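Encoded as structure tokens, the structure appears first; notes follow it.
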Amino acid sequence: MPELPEMENYKKLLTEKIAEKTIMNAMIKREKSINVPIKTFQQQVHSQKIISIERRAKHLLFHLENGYILLLHLMLGGWMYYGNEEDKPDRSIQVELYFGDNSLYFIGLRLGYLHLFTKKEVDSELSDLGPEPLDINFSLNAFQDLTKGKKGKLKTTLVDQKFLAGIGNCYSDEICFEAQLLPTRTMNNLNDQEVVQLYHAIRSVLPTATEHGGYMENPLFTNDQKTGGVSNFLKVYDREGESCKRCGATILFKEVSSRKCFYCTGCQH
DNA sequence: AGGGCAACCCGGACGC
DNA sequence: TGCGTCCGGGTTGCCC
């Protein structure tokens, strides 16, 4: 569920909170969330400073002083909270990183995980990912090259992490809406102009959503005014039956490649 | 290459 | 209130 904008928002806010802070302890309440024995995990992160936080696709990478990296994927419904014992959410917490005053809580990890890896292992884990859509080097030209030979549905292609990294179900619909293209169109019948529209839609929807704090339901910390703010700005996602903000037609819903898909036939073609 | 599908997992929603 | 059932969602892997 959390996609590029949500993770980018987390990255920015968390960097302000925990960069340069030292992990005093790690509490593992659900062993499946990690990839090594609990003791090993605790030993490797103990007394380690968080050097930096990086985002790649829908992952966050917490870089530790000793070169190890905590690789986070929230998958479906995972989220985080930074605070103390008193204001922590009343939800099932799978992992807690304790910083001496506050803790970073990892909540609702089902298929999600926080894995301890070396740099080399992380590179291997992430090696199949496509380019970062907001990378400065990801030019229109690069996108045009990427789309060459692609035949699948627009929707299916956009959420394919090997094609582009970080786009999920919500923003694939929003991007198609912005580009005024139906998600069911196939890549090989887009004309040159439509490929350009698609590129610009990707490059505008994702940063805008990030600026508005993504669509996470829960704040990252007390008085967090940023996280979750984008919900009111979404144009089609989860808006079945509502009228289109651009043309007034009714937003439709149907399943595309076994995914929820929202679109407007009034102005998407 | 793309499409379809099952498996993974469990909190939350829903029904009785 | 409480218990049982089912669903969802990103990702991987397998098959057609």
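To find a chain, count down the sequence lines: A is the first, B the second, and so on, and within it residues start at 1. Remember, it's a predicted structure, so these values are computed and weren't measured experimentally.
Minimum interatomic distance between Leu116(A) and Glu121(A) (heavy atoms only, all atoms of both residues): O-OE1, 4.3 Å. Gly168(A) and Val159(A) get closest at one heavy-atom pair: O-CG1, 3.5 Å.
Contact between the side-chain N/O atoms of Lys32(A) and the OP1/OP2 oxygens of dC9(B) is found at a separation under 4.0 Å. Taking only side-chain nitrogens and oxygens, His73(A) never comes nearer than 4.0 Å to OP1 or OP2 of dG10(C).
The side chain of Arg30(A) approaches dC9(B) more closely than any other nucleotide in the set dG10(C), dG4(B), dC9(B). Among the nucleotides dG10(C), dG2(B), dG3(B), the one closest to any side-chain atom of Thr156(A) is dG3(B). For Ser257(A), counting side-chain heavy atoms from C-beta on, the closest listed nucleotide (dC8(B), dG4(B), dT11(C)) is dG4(B). Candidate nucleotides dT11(C), dG11(B), dC8(B) were compared by shortest atom distance to the side chain of Ser92(A), and dG11(B) ranks first. The side chain of Lys150(A) lies closest to dG2(B), out of dT11(C), dC9(B), dG2(B).
Gln94(A) places its CD atom 7 Å from the P atom of dG11(B), with the value rounded to the nearest Å. Nucleotide dC10(B) holds its C1' atom 15 Å from the CH2 atom of Trp79(A), rounded to whole Å. Distance OH (Tyr113(A)) to C1' (dC10(B)): 18 Å, rounded to an integer number of Å. Put simply, NZ on Lys162(A) is 15 Å from P on dG10(C), counting in whole angstrom units. Rounded to a whole Å, the CE atom of Met187(A) is 9 Å from the P atom of dG2(B). In this entry the distance linking CZ of Arg259(A) with P of dG2(B) reads 15 Å, nearest Å. Atom CG of Leu129(A) is separated from atom C1' of dT12(C) by 13 Å (rounded to the nearest Å). The distance between atom CZ of Phe163(A) and atom C1' of dG2(B), rounded to the nearest whole Å, is 14 Å.
For the residue pair Lys155(A) / Ser172(A), a side-chain donor-acceptor distance below 3.5 Å is found, with atom types taken as modelled.
Under a cut-off of 6.0 angstrom, the local environment of NZ in Lys235(A) is sparse, with at most 12 non-hydrogen atoms contributed by other residues, nucleotides or ligands.
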Please enumerate all protein N or O atoms sitting under 3.5 Å from an N or O of nucleotides 4-7 of chain C, with distances to 0.1 Å.
none

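Val236(A) is not listed as a side-chain neighbour of Tyr263(A), based on a closest heavy-atom distance of 4.5 Å or more. Counting only heavy atoms from C-beta outward, the side chains of Val256(A) and Lys153(A) approach each other to under 4.5 Å. A 4.5 Å side-chain heavy-atom check between Pro131(A) and Phe138(A) finds at least one atom pair inside the cut-off.
Toward the 5′ end of DNA chain C lies the nearest nucleotide of Arg110(A), the other residue of the pair Gln161(A) and Arg110(A) mapping further downstream. Projected onto DNA chain B by closest heavy-atom contact, Lys151(A) and Ser258(A) fall at different nucleotides, the more 5' of which corresponds to Lys151(A).
Between its two ends, the helix from dG2(B)-dC16(C) to dC16(B)-dG2(C) turns its axis by 40°, counting five pairs per end and rounding to 10 degrees.
Within the nucleic acid shown, Gly108(A) has no heavy atom closer than 4.0 Å to any nucleic acid atom. Across all strands shown, Arg91(A) has heavy atoms under 4.0 Å from sugar-phosphate atoms exclusively, and none from any base.
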Check: Passes side chain to side chain contact (heavy atoms under 4.5 Å, CB included), Leu60(A) versus Ile53(A)? Steps please.
Finding: CA-CA 7 Å; Leu60(A) 282 192; Ile53(A) 303 171; 4.2 Å; yes
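Under a 4.0 Å N-O distance rule, the pair Arg185(A)/Glu194(A) qualifies as a salt bridge.
Pairs engaging residues 60-74 of chain A under the side chain to side chain donor-acceptor pair (under 3.5 Å) rule: Glu54(A)-His63(A) [sequence neighbours left out].
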